[in-house]
Amino acid sequence: MPKIIENLKERIIEVSKTILEEQGYNALTSRAISSRCGVASGTIYNYFESKEMIVGTIVYDDWKNVLKGIDCKLEKALSKHEGISVIAEELEGFCADHEKLWREYAVSKRATSYYDKGHNMLIEALSKRVEKALGGSDGDQKDRTAAVLSEALVALAVHGKHYRDYSDILDKMFDTHGGNI
């Protein structure tokens, strides 16, 4: 009779997080995970198709928490600039938390297969929040502005730069358009 382990999927995620933090992406193997979980190596594949799926689940769960934080803080923002600052700060924290993982993942052979999908999901989620921060303005123009600004925020955060150091550019954009981007 097979051994039943309650919450094994959650246990796999927690063990995987620990391995990633302690030893890095390259040390995350089904053998390492199964050893710490006390199950056969193949059992991991009953829950996750690949190492990338495990990492994706971990990062996505963290991302959902970041979005919740952004949404909560965005409700209290008193200006466009403050709203964009909230988004940028949360994004910067998220990128800093995952920088080592992404650097290690980038050199793996599978990196390109997941990059575009993840990037598009990230920009889509950010754009919705940026649109909200920008408030009422022309729909199409706001959509395009939100997409461009989201890409810029990601580029800054990924390169360890802080939005607040570049916020004067946004202020000039607002002034150029009469405060209505």
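Side-chain atoms are counted along with the backbone in the values below, which use heavy atoms only and exclude waters and symmetry mates. From a predicted model like this one, the values you see are computed outputs, not experimental measurements.
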Handout entry: Over all atoms of both residues, closest heavy-atom pair of Ala32 and Ala27
Key = CB-O, 3.7 Å
Problem - By salt bridge (charged side-chain N to carboxylate O under 4.0 Å, His left out) - contacts of Glu21 (at least two apart) - result: none
Exercise for the section: For Ala147 and Ile123, work out which heavy atoms get closest and say how close. Expected result: O-CG2, 4.5 Å
Practice task
Sort and list the pairs that fulfil salt bridge (charged side-chain N to carboxylate O under 4.0 Å, His left out) and have at least one residue in residues 152-161, not counting sequence neighbours.
Solution key: none
Handout entry: Pairwise distance CH2(Trp63) to CG(Leu126) - rounded to 0.5 angstrom
Key = 4.0 Å
Completion exercise
Residues passing the salt bridge (charged side-chain N to carboxylate O under 4.0 Å, His left out) test with Arg164, sequence neighbours excluded, are none
Run the side-chain donor-acceptor check on residues 8-17: report pairs under 3.5 Å with partners two or more places apart or on a different chain.
residue, atom, partner, partner atom, Å
Arg11, NH2, Arg36, O, 3.1
Ser16, OG, Ile12, O, 2.7

Problem - Set of residues satisfying salt bridge (charged side-chain N to carboxylate O under 4.0 Å, His left out) with respect to Lys100, sequence neighbours excluded - result: Glu104
Practice task
Report the residues that fulfil ring pair (Phe, Tyr, Trp, His ring centres under 6.0 Å) with Phe48, sequence neighbours left out, ordered by chain and then residue number.
Solution key: none
Problem - Separation between CG of Leu149 and NZ of Lys80, rounded to the nearest 0.5 Å - result: 11.5 Å
Practice task
Report yes if the side chains of Ile84 and Leu153 come closer than 4.5 Å at any heavy-atom pair, otherwise no.
Solution key: yes
Handout entry: Interatomic distance, Asp165 atom CG to Leu156 atom CG [nearest 0.5 angstrom]
Key = 9.0 Å
Practice task
Give a yes or no on whether Leu122 and Val86 share a hydrophobic cluster (residues Ile, Leu, Val, Met, Phe, Trp, Tyr; joining criterion: side-chain heavy atoms under 4.5 Å apart).
Solution key: no
Handout entry: Residues that Val148 engages under side chain to side chain contact (heavy atoms under 4.5 Å, CB included), provided they are two or more places apart
Key = none
Practice task
Using the rule that two of Ile, Leu, Val, Met, Phe, Trp, Tyr join whenever any of their side-chain heavy atoms come within less than 4.5 Å, decide whether Ile58 and Met53 are in one cluster.
Solution key: yes
Exercise for the section: Mind checking side-chain hydrogen bond (donor to acceptor under 3.5 Å, both in side chains) for Lys51 and listing every partner two or more places apart, or none if nothing turns up? Expected result: none
Problem - Residues that Glu89 engages under side-chain hydrogen bond (donor to acceptor under 3.5 Å, both in side chains), provided they are two or more places apart - result: none
Problem - Exercise: identify the closest heavy-atom pair between Val130 and Ser150 - result: CG2-OG, 3.6 Å
Exercise for the section: Keeping the roles fixed (side chain from Thr43, backbone from Ala40), state whether a donor-acceptor pair exists under 3.5 Å. Expected result: yes
Exercise for the section: Give every residue pair that meets the salt bridge (charged side-chain N to carboxylate O under 4.0 Å, His left out) criterion with at least one member in residues 54-72, sequence neighbours excluded. Expected result: Asp61-Lys64, Asp71-Arg129
Handout entry: Approximate separation, where rounding is to 0.5 Å, of Glu75 CD and Ile70 CD1
Key = 12.5 Å
Practice task
Ignoring hydrogens and angles, tell me if any N or O in the side chain of Glu92 forms a donor-acceptor pair with the backbone of Tyr163 under 3.5 Å.
Solution key: yes
Practice task
Kindly compute the distance separating SG (Cys72) from CD (Glu90), expressed to the nearest 0.5 Å.
Solution key: 9.5 Å
Handout entry: Listed partners of Glu151 passing salt bridge (charged side-chain N to carboxylate O under 4.0 Å, His left out), at least two apart
Key = none
Completion exercise
Between the NE2 atom in His98 and the CG atom in Leu20, the distance rounded to the nearest 0.5 Å is 10.0 Å
Exercise for the section: Sequence neighbours left out, what passes side-chain hydrogen bond (donor to acceptor under 3.5 Å, both in side chains) with Ser41? Give chain and number order. Expected result: Ser30
Exercise for the section: For the pair Glu82 and Lys73, find out whether any cationic side-chain nitrogen is under 4.0 Å from an anionic carboxylate oxygen. Expected result: no
Practice task
Take Ile33 and Ile54 through the test side-chain contact (heavy atoms from CB on, under 4.5 Å) and record every step on the way to the result.
Solution key: CA-CA 11 Å; Ile33 298 166; Ile54 295 171; 3.7 Å; yes
